[in-house]
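I have placed the structure first, in the form of structure tokens, so that the comments after it can refer back to it.
All figures in this text were calculated on a predicted structure; none of them were measured in a lab. Convention: sequence-line order gives letters A, B, ...; per-chain numbering from 1.
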Amino acid sequence: MKPPALLCLQAVLMRMARSGLIPAGEHINRADGRTPLAELGVDSLGKLTLLAELEVAMDLDLSVTEFAGARNLGDIAVILSRKQAGGEASNGV
Amino acid sequence: MAFDPISITGMGPVCAVGDDAKSLWQAALCSHSGTTAMSRFQVGPRQCAVAAQVAEPAYRDLDALNPVPRAMQMAIPAAEKAWRDAGVASGVSPDRVGVVVGTGLGMTDLVENVGERSRAGKIISPIAGFRGFCHAITCELVRRMNIRGPQATVSDGCNSGLCALGLAVDWIRLGKADCVLAGGVEAEITPGFWAAMGAARALCGTWNHEPLRASRPFDRNRGGNVPGEGAAFVIIERESCALARGTIPIARILGWASLGSGTRPVYDPFNPVFDTVPLRNTMRAALEDAGLSSDQVGAVSANGSASVFYDPLEAAAIREQFGANQPPVHSIKGALGQTGAVTPVLQTCVAALSVQAGLIPPTVNCDDPDPACDIDIVRNSPRAMNRGPTVVLNAIGFGGHYNGSMVIAACSGTKG
């Protein structure tokens, strides 16, 4: 059973794929925590879009600085879980 | 050849803290912030809801039959102020007068509006076909002021106004014009721009609860740029030309530079390139153009846009360029936000008044300087310009692909 944060993350990625922002595909549904973002076609600007979409979907303030180190879906799921338990405000560029 | 410096002889700022040079200078000295709650359209819960908005001319929606873009609403009165201030009409042949306008976004509100009206099946005014171009303001100024010398429109983002002034200086140096109306204008408060810059996480969304304190250059708690709008024009000419018709120069432009940053990765917000060399090169090139050394600089008018990333980068570049003999640094963006093309021209206006008065304005909202911005920041109250009346002003392009610097100095017998 996948954790809720990972399920939400996959749902957002599917929406990004339907919008043409990342390559579409079944591989999003097959992805797990170890799946690298690069394998899903999420580059640096894609990660920024993902951050913004997750903020809206999960009503969280997410940090560019925190996301900088995220390499796979598991890294992001950890950030989301931590934020849901209480976290800091987002920063700009 | 006799010494005949190039000077600023008229100024016309239109910005969030006032619509003349006196208001701008008073606001700068008194730490008056011009950033307020932005209410022209709805934004999302985490988006920036603060802007530097111009009160006069008051904002008005685009008229269906005769749409005047916001940039044009502000640029025309600003240009006319500078023109009157310098007394250009009373003694310079139109063939020897030029105009150059810098704008990053141009008439983006009109373009967005036409797109919406077109998709909704509404009638589009034919005037939109003329006013939708970035050069529309230049055309209007040519028409109104009977300008028959060189003309141009410059667009390189936040550097646009600086490049416009620099181009004016070069035209005069080359003998292509005796007098140039030069300036910048930006009207960023549009839904499209807001959404795009918000998606790039470039705007400050953490100070919506205190709009006056939102733009915080070099401050530990800065949250990014506060965008806005404004226009500012100056008259640039040889001092002999001005004095011949009884106009007293305000300050001198000694040199400038606008340089590309060279090969670098595409802008990556997660791994930005912390490279101080391009900005250092640009400051050095401007000083060389001015014939000055670093120790002759009285103050730096920083880009200081409250950017989380670019503020410490600029601070590092200033430390490296000036070494142990650092001049004091201030930024006008705590008061005026980061308003694109017009900002370097507003910096120029403030720098001109600064060298005239021998005072460096404080940096508004720099309450708790970020340790990563380890430079001598003028805060809380104006400081005397003890190192000499010369200012280097910087403009950093978003994405880091280019930088601009200009050198402003006092002249003798200037206007009070």
Side-chain angles (χ1 to χ4, degrees), chain A residues 5 8-9 12-13 15-22 35-80 82-84 86-93, chain B residues 43-50 158 194-210 214-217 219-227 264-274 303 305-313 333 337-338 370 372 396-400:
Chain A
C8 186
L9 178 53
V12 170
L13 286 167
R15 192 165 74 242
M16 286 175 64
R18 283 195 295 272
S19 299
L21 293 169
I22 57 175
T35 305
L37 293 170
E39 196 171 294
L40 299 174
V42 179
D43 60 8
S44 182
L45 291 176
K47 201 158 71 170
L48 199 62
T49 304
L50 178 60
L51 188 159
E53 292 293 307
L54 285 168
E55 280 191 324
V56 172
M58 302 184 73
D59 194 22
L60 294 171
D61 288 327
L62 298 173
S63 162
V64 170
T65 308
E66 284 177 312
F67 263 61
R71 294 286 177 262
N72 55 42
L73 297 191
D75 292 340
I76 296 182
V78 166
I79 295 169
L80 296 176
R82 192 166 63 233
K83 285 294 181 183
Q84 283 180 311
E88 294 174 359
S90 65
N91 63 322
V93 174
Chain B
V43 296
R46 288 177 183 78
Q47 288 188 309
C48 178
V50 181
C158 303
W194 223 258
M197 293 302 281
R201 310 276 299 195
L203 305 184
C204 176
T206 52
W207 283 89
N208 291 339
H209 57 294
E210 287 194 75
S215 185
R216 310 182 66 78
D219 186 77
R220 190 193 299 255
N221 297 307
R222 65 191 182 280
N225 294 351
V226 173
R264 59 205 292 113
V266 172
Y267 176 64
D268 183 343
F270 295 100
N271 294 293
V273 178
F274 196 92
N303 177 79
S305 63
S307 162
V308 173
F309 174 70
Y310 288 113
D311 278 10
L313 182 136
K333 290 174 187 168
Q338 164 62 311
D370 186 350
I396 297 176
F398 180 51

Is the backbone of A:L60 close enough, under 3.5 Å, to the side chain of B:R46 for a donor and an acceptor to pair up by distance?
yes
Which atoms of A:D59 approach chain B - backbone, side chain, both or neither, heavy atom under 4.5 Å
both
Minimal heavy-atom distance between B:R201 and A:L62, with the atoms involved, is NH2-O, 2.9 Å
